[in-house]
Amino acid sequence: MVALGGNAIAGPGLSVDYDSMAQAISRAASLIARALSGSSVRLVITHGNGPQVGFLAEALEHSGSYIPLYLLTAMTQAWIGSMIKRFFERSFSEAGSPRRVEVVVTHVLVETSEAPIKPIGRVYSAEEIAKLERERGWRFSKDPRGGYRRVVPSPKPLRVLEADVIRALLDRGFDVIACGGGGVPVSGLEGRYEFVEGVVDKDLCSSKLAVELGADRLVILTDVRGVALDYGGPRERWLSKLTVSEAEDLLKAGVFPEGSMGPKVEAAVEYVKATGKKAVIGSLLEAEKVLSLRAGTVIEP
Ligand code: ADP
Ligand code: MG
């Protein structure tokens, strides 16, 4: 299972216009197709939707209409999923090992949570956010890349409703795109569930699905080379390896931010604990090495 972050599906500055997205996704596709060329391993691709779901929410505000975040997430699964399908199928075909990659609209059972911790949309200036906080009641937090981003509730994923469907597709030889934007959050009983407001973290959703499918490896590709201690600080140190218990201690000590590296490490820990297999967090640009555990931070039992 390969989880793609913002840098694989949006342009510089988190722009979501067609050309920037196409450029980002086609780069991700060719990096991963090259890494898997000739391999018969089945692939599940998951992806975030922070930039896109925030863009839709803002555009709808301007048009005076309201559609809840959970349905905006459903829209982004089709929008981004369709682009991933096209560019990945093209790259695999060009690499001489064609694959069929199918998109599954994914719902995820969640534990409701109101805390606004998930950054979405573009980067705003301090002047812009004062107005938006006042007029729309939106919440913001500082972004590590500079400026501010809107933050929304991020319910905790428990179980992917379509896990059985995804498995059936994999068994039939299809690759699958799932858990887009962390999945559409729902709660309640099977067959009688309700939608839940918020945006689920895609890494946490991916880990649930990876465990349910018994995936051989969980690969989280992002815009940094791995997990660092004292990230951005004077004693910054990049880790090539973390055991589950080391990672758990760091999570407990609260060294990783909730909206970014925190859920990646948490996702990796949960997957490794449940399966006894390895997870890796690394840079999309080093995809080939990260996929084979020769770069990035490897989380192991
Ligand atoms: P993605 O869109 O790939 O999910 P995120 O923005 O959610 O990316 O998470 C990646 C970001 O996490 C990096 O760009 C980096 O700024 C931030 N980050 C925070 N703490 C750390 C850390 N300890 N080590 C590495 N990156 C970190
Ligand atoms: Mg993220």
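In listed order, ligands and their atoms are each counted from 1.
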- Transitive ILVMFWY cluster of V123, excluding itself - 4.5 Å side-chain cut-off: L14
Check: [X] side chain, [Y] main-chain N or O, donor-acceptor pair, under 3.5 Å:
{"X": "E102", "Y": "L169", "result": "no"}
{"X": "Q52", "Y": "I9", "result": "yes"}
{"X": "R167", "Y": "E212", "result": "yes"}
{"X": "Y271", "Y": "R217", "result": "yes"}

Under 4.0 Å from a heavy atom of [X]: which atoms of ligand 1 are those, numbered in the order shown and with their elements?
{"X": "G259", "result": "7 (O)"}
{"X": "G5", "result": "1 (P), 2 (O), 3 (O)"}
{"X": "T222", "result": "1 (P), 3 (O), 8 (O), 10 (C)"}
{"X": "F256", "result": "23 (N)"}
{"X": "G226", "result": "24 (N), 25 (C)"}
{"X": "A228", "result": "22 (C), 23 (N), 24 (N), 25 (C)"}
{"X": "K202", "result": "4 (O)"}
{"X": "G6", "result": "1 (P), 2 (O), 3 (O)"}

Give the residue, atom name and distance (to 0.1 Å) of the protein heavy atom nearest [atom].
{"atom": "atom 17 (C) of ligand 1", "result": "S260 OG, 3.8 Å"}
{"atom": "atom 16 (O) of ligand 1", "result": "Y231 OH, 2.9 Å"}
{"atom": "atom 6 (O) of ligand 1", "result": "R145 NH2, 2.8 Å"}
{"atom": "atom 4 (O) of ligand 1", "result": "K264 NZ, 2.6 Å"}
{"atom": "atom 26 (N) of ligand 1", "result": "M261 CE, 3.4 Å"}
{"atom": "atom 20 (N) of ligand 1", "result": "P257 CD, 3.4 Å"}
{"atom": "atom 13 (C) of ligand 1", "result": "D223 OD1, 3.4 Å"}

- Message: Going by side-chain hydrogen bond (donor to acceptor under 3.5 Å, both in side chains), Y124 matches just one of R149, R150, E58. Which one?
- Response: E58
- Task: Consider ligand 1: state whether an atom of it lies below 4.0 angstrom from any non-hydrogen atom of G48.
- Result: no
Salt bridge check, [Y] against [X]: does any charged N sit closer than 4.0 Å to a carboxylate O?
{"X": "K118", "Y": "D201", "value": "yes"}
{"X": "K208", "Y": "E270", "value": "yes"}
{"X": "R42", "Y": "D175", "value": "yes"}

- More than 12 heavy atoms of other groups within 6.0 Å of K277 NZ: yes
